[in-house]
Number of protein chains: 2
Amino acid sequence: MNSLKARLKGAAVTSPAVSSRDLPHPESAEIRLESVLHALSDPMRLRIVRELAADGDELSCSYFDLPVTKSTTTHHFRVLRESGVIRQVYRGTAKMNGLRRDDLDGLFPGLLDALLDAAARQAARVRDLGDG
Amino acid sequence: MNSLKARLKGAAVTSPAVSSRDLPHPESAEIRLESVLHALSDPMRLRIVRELAADGDELSCSYFDLPVTKSTTTHHFRVLRESGVIRQVYRGTAKMNGLRRDDLDGLFPGLLDALLDAAARQAARVRDLGDG
DNA sequence: GCCGTACTACGATGACTATCGTACGAGACA
DNA sequence: TGTCTCGTACGATAGTCATCGTAGTACGGC
């Protein structure tokens with residue numbers, strides 16, 4: 001049942017180099033706190049970032065099973081990339097996504113961990129409410 | 001030249017009790033991380049929160065010298081209140097604003113400090129760029 | 001070369017938002 | 001009572017955004 005995840009998690013690692021297509025990313029110094037917060041203020045994108053932080057640093061877009069269409073998924077990943085939260089790289093037909101942890105930690109030490117911890121706490125809180 | 005600030009910073013502290021008008025606030029348990037991040041993703045509101053954290057915990061709306069009209073200022077304060085970031089209380093004609101630090105620290109330990117630190121670092125970075 | 005998979009581009013749409021101006025209400029003070 | 005200040009309410013407006021569907025591109029494998 002996790003065959004899909006297993007298949008996609010390390011997809012196309014055999015490719016030694018990056019595809020010719022490359023995507024525009026902000027440089028580290030161009031990353032704005034407001035943009036990062038805006039990117040993470042959407043539940044779908046916060047969820048993506050949480051999975052990315054928990055499950056490894058190179059996940060394809062299709063690894064995520066989001067309750068929206070592919071177009072919308074593309075949109076959310078673009079927002080995350082353009083805000084500097086993730087780095088995206090084509091590998092074959094897949095687009096691999098990785099958290100820009102080093103850049104974010106360099107700019108805003110402790111922020112990413114605090115955000116991930118806050119998100120985890122909130123998720124646990126919501127889960128507890130669901131349990132009754 | 002800071003007479004305005006001095007006058008407004010402790011305005012109406014003589015009033016012992018809160019006015020009859022009171023404003024709707026989310027309870028601590030109702031505060032959502034996404035809403036907090038969304039509230040802080042606006043430069044104007046991030047600035048308000050930074051001043052609030054640095055300059056005391058009971059500042060009137062008019063203490064802030066924001067480059068927008070009064071209507072817009074009201075709007076931003078409402079967003080901050082409804083997201084659970086600040087608490088607002090009428091005192092005479094003034095509306096006093098305070099960070100909900102205890103609630104936020106209780107829900108998301110370390111988050112507020114990390115955010116304030118991140119904002120301070122970015123402000124310093126921008127300042128350095130300005131100095132050339 | 002052909003097909004399937006992964007993702008994109010584009011246009012549309014409905015919702016939200018930051019901003020303003022004007023008009024109004026609530027309290028302090030003469 | 002009148003007046004001043006602080007802040008609100010309301011309507012308008014221009015912009016952004018999350019979402020979709022459809023059509024299209026890029027790559028890998030047959």
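Lettering of chains follows the sequences in order, A, B, ..., and the numbering in each one begins at 1.
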For the pair A:T69 and A:T72, evaluate side chain to side chain donor-acceptor pair (under 3.5 Å) and give the outcome as yes or no after the intermediate values.
-> CA-CA 5 Å; A:T69 63; A:T72 307; 3.2 Å; yes
Judged by atom type as modelled, is there a donor-acceptor pair below 3.5 Å linking the side chain of A:H25 to the main-chain atoms of A:L23?
-> yes
Roughly, in whole Å, what's the span from CZ in B:R91 to C1' in D:dG7?
-> 16 Å
Rounded to whole Å, OH of A:Y63 lies from C1' of C:dC7 at a distance of 19 Å
Looking at D:dA18, D:dG7, D:dG21, which one has an atom nearest to any side-chain atom of A:V79?
-> D:dA18
Rounding to a whole Å, what distance do you find between B:E82:CD and C:dA18:P?
-> 12 Å
Take atom CG of A:D42 and atom P of D:dT16, then tell me their distance rounded to the nearest Å.
-> 18 Å
Checking D:dT19, D:dG7, C:dC7 against the side chain of A:C61 (C-beta onward), the nearest is C:dC7
Between D:dA9 and B:R78, is there an OP1 or OP2 to side-chain N/O distance shorter than 4.0 Å?
-> yes
Distance test, side-chain N/O of A:R45 to OP1/OP2 of D:dA18, below 4.0 Å | yes
Among the nucleotides C:dA9, D:dA18, D:dG7, whichever has the atom closest to the side chain of A:H76 is D:dA18
Which nucleotide in the list D:dT19, C:dT19, D:dG7 gets nearest to the side chain of B:V68?
-> C:dT19
Verify the cluster assignment for B:V79 and B:I48: are they in a single hydrophobic cluster under the rule of side-chain heavy atoms below 4.5 Å apart?
-> no
Does B:T69 or A:N97 map to a spot on DNA chain C nearer the 5' end, using the closest nucleotide for each?
-> A:N97
A:L23 CG to D:dT25 C1': how many Å, rounded?
-> 14 Å
C:dG21 base / B:S71 side chain donor-acceptor hit below 3.5 Å = yes
Separation of C:dA6 P from A:L59 CG (nearest whole Å) = 15 Å
To the side chain of B:T74, which of C:dA28, D:dG7, C:dC7 is closest?
-> D:dG7
Any ion pair linking B:D113 and B:R101 (charged N to carboxylate O, less than 4.0 Å)?
-> yes
Are B:D103 and B:R87 ion-paired here, with the side-chain N under 4.0 Å from a carboxylate O?
-> yes
Within this structure, what is the CZ-to-P distance between B:F77 and C:dT19, rounded to whole angstrom?
-> 13 Å
Within the structure, does a side-chain N or O atom of A:S62 lie under 4.0 Å from either OP1 or OP2 of C:dC7?
-> yes
Report yes if a side-chain nitrogen or oxygen of A:H75 is closer than 4.0 Å to either non-bridging phosphate oxygen (OP1 or OP2) of C:dC7; otherwise report no.
-> no
Rounded to whole Å, the NZ-C1' distance (B:K70 to C:dG21) equals 11 Å
Which nucleotide, C:dA6, D:dA18, D:dA9, lies nearest any side-chain atom of A:T93?
-> C:dA6
